[in-house]
Amino acid sequence: AFLQDAGTKEAHWVITGGQPLPPPVRKAADFKPGAPFPWAPQFRQGFLAPAPAQDLAGPELTVVRDEATGGKRHLVLHLTSPRGAAAAFAFPPDAAGVESAIVGGETVEPLRPARGKKTWNLGSLTLPPQGIDIDVTLSATAPQTWYVADRTPGLPSAGGALANARPDWTSTGQEGDVTMIVRKVVL
């Protein structure tokens with residue numbers, strides 16, 4: 001995967017999983033072990049290598065409504081991808097205390113990793129061009145740092161050498177080769 005921070009333009013090649021990297025891939029870039037996604041549980045490890053920054057717009061998460069009553073906070077957010085990604089997600093921190101969420105008119109449930117911690121992935125794999133609304137109730141009323149990311153298939157052209165270094169006996173994982181742009185937002 002290609003992962004770039006929309007604010008800092010810092011970019012990385014990312015390989016998730018705990019298996020040793022095949023020697024040709026290890027030689028193709030300066031991979032180091034690490035946690036590739038700041039919003040993911042820390043036990044999700046992978047490998048990261050510096051990548052050249054690309055001129056790609058980051059996803060946007062804007063506040064439509066923000067109300068605090070009875071010790072709870074109610075946010076209505078609007079998630080869009082200016083670069084037209086079909087998949088986009090908002091990741092609230094645990095400290096936000098998400099109590100309920102509606103994404104694009106549908107109630108969503110938290111993910112429950114094996115380690116017993118609730119995590120929330122609020123977004124869409126079929127993001128319409130105009131974006132979607134996210135309606136959340138939070139137990140925390142103070143502002144929190146969220147992450148928002150969008151994802152498109154394929155790597156930037158700069159990733160060609162890395163993709164070509166992958167031996168025939170390997171395959172891409174889950175979504176395949178993807179480009180992700182991520183942004184931190186304080187809500």
Side-chain angles (χ1 to χ4, degrees), residues 1-12 14-18 32-48 56-83 85-127 131-152 173-175 178-187:
F2 173 81
L3 177 67
Q4 180 171 294
D5 184 300
T8 66
K9 300 297 183 196
E10 184 177 339
H12 291 95
V14 174
I15 298 174
T16 57
K32 305 281 187 228
F37 308 114
W39 61 85
Q42 291 305 308
F43 63 86
R44 175 123 192 234
Q45 293 292 304
F47 299 92
L48 295 98
L56 298 170
E60 296 177 359
L61 187 64
T62 56
V63 177
V64 176
R65 190 169 66 239
D66 185 350
E67 302 168 338
T69 57
K72 307 257 185 233
R73 188 173 179 205
H74 179 228
L75 285 172
V76 177
L77 309 168
H78 191 71
L79 175 62
T80 59
S81 172
R83 66 189 189 101
F89 313 93
F91 301 98
D94 294 339
V98 177
E99 294 184 356
S100 65
I102 299 170
V103 178
E106 300 291 328
T107 299
V108 297
E109 297 295 325
L111 304 173
R112 298 180 191 272
R115 305 205 188 239
K117 195 176 190 183
K118 284 185 187 179
T119 58
W120 292 83
N121 177 343
L122 307 173
S124 175
L125 293 171
T126 56
L127 186 72
I132 57 168
D133 285 342
I134 299 172
D135 186 320
V136 292
T137 300
L138 310 172
S139 62
T141 56
Q144 304 284 332
T145 300
W146 292 44
Y147 286 92
V148 58
D150 67 8
R151 182 180 72 214
T152 53
Q174 292 189 328
E175 295 89 15
V178 296
T179 294
M180 294 180 68
I181 308 299
V182 63
R183 178 187 306 279
K184 282 199 303 192
V185 294
V186 177
L187 303 173

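Keep in mind the model is a prediction, meaning the values are calculated, not measured.
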Find out whether Trp120 and Asp94 are in side-chain contact, i.e. whether some heavy atom of one side chain is under 4.5 Å from a heavy atom of the other. no
Return the minimal non-hydrogen interatomic distance between Gly123 and Val103, and the atom names on each side. O-CG1, 3.4 Å
On a heavy-atom basis, the closest approach of Pro92 and Val98 is CG-CG2, 3.6 Å
Which residue, Val108, Leu122, Val76, forms the side-chain contact (heavy atoms from CB on, under 4.5 Å) with Val136? Leu122
Distance, nearest 0.5 Å, that separates CZ of Arg83 from OG1 of Thr152: 3.5 Å
Give, for atom CG of Leu125 and atom CZ of Arg151, the distance between the pair rounded to the nearest 0.5 Å. 6.0 Å
For a quick test of reading the model, state the closest non-hydrogen atom pair linking Val14 to Pro36 and the distance between them. CG1-CB, 3.3 Å
To the nearest 0.5 Å, tell me how far Glu60 CD sits from Ser81 OG. 9.0 Å
Between atom NE2 of His12 and atom CZ of Phe47, what is the distance when rounded to the nearest 0.5 Å? 14.5 Å
Quick check: closest heavy atoms across Ser124 and Leu127, and the distance to 0.1 Å? OG-N, 3.2 Å
How about Lys72: does its NZ atom have over 12 heavy atoms from other parts shown lying under 6.0 Å from it? yes
dist Asp5:CG -> Met180:CE (nearest 0.5 Å) comes out at 12.0 Å
Sort out for me which residue in Thr137, Asp135, Asp66 forms a side-chain hydrogen bond (donor to acceptor under 3.5 Å, both in side chains) with His74. Asp135
Where do Pro93 and Gln144 come nearest, in terms of heavy atoms and distance? CG-CB, 3.7 Å
Val64/Leu77 under side chain to side chain contact (heavy atoms under 4.5 Å, CB included): CA gap, chis, key distance, verdict: CA-CA 5 Å; Val64 176; Leu77 309 168; 6.0 Å; no
Side-chain (Thr80) to main-chain (Pro82) donor-acceptor, under 3.5 angstrom: no
I'd like to check Phe37 versus Leu3 (side-chain heavy atoms, cut-off strictly below 4.5 Å). Are they in contact? yes
Is it the case that more than 12 heavy atoms not belonging to Glu67 sit under 6.0 Å from its CD atom? yes
Taking all heavy atoms of Pro59 and all of Val148, pick out the closest pair and write down the distance. CG-O, 3.6 Å
Does the pair Phe91 and Asn121 meet the rule for a side chain to side chain contact (heavy atoms under 4.5 Å, CB included), with working shown? CA-CA 5 Å; Phe91 301 98; Asn121 177 343; 3.7 Å; yes
Which distance, rounded to the nearest 0.5 Å, do you find between the CG of Leu187 and the CZ of Arg73? 6.5 Å
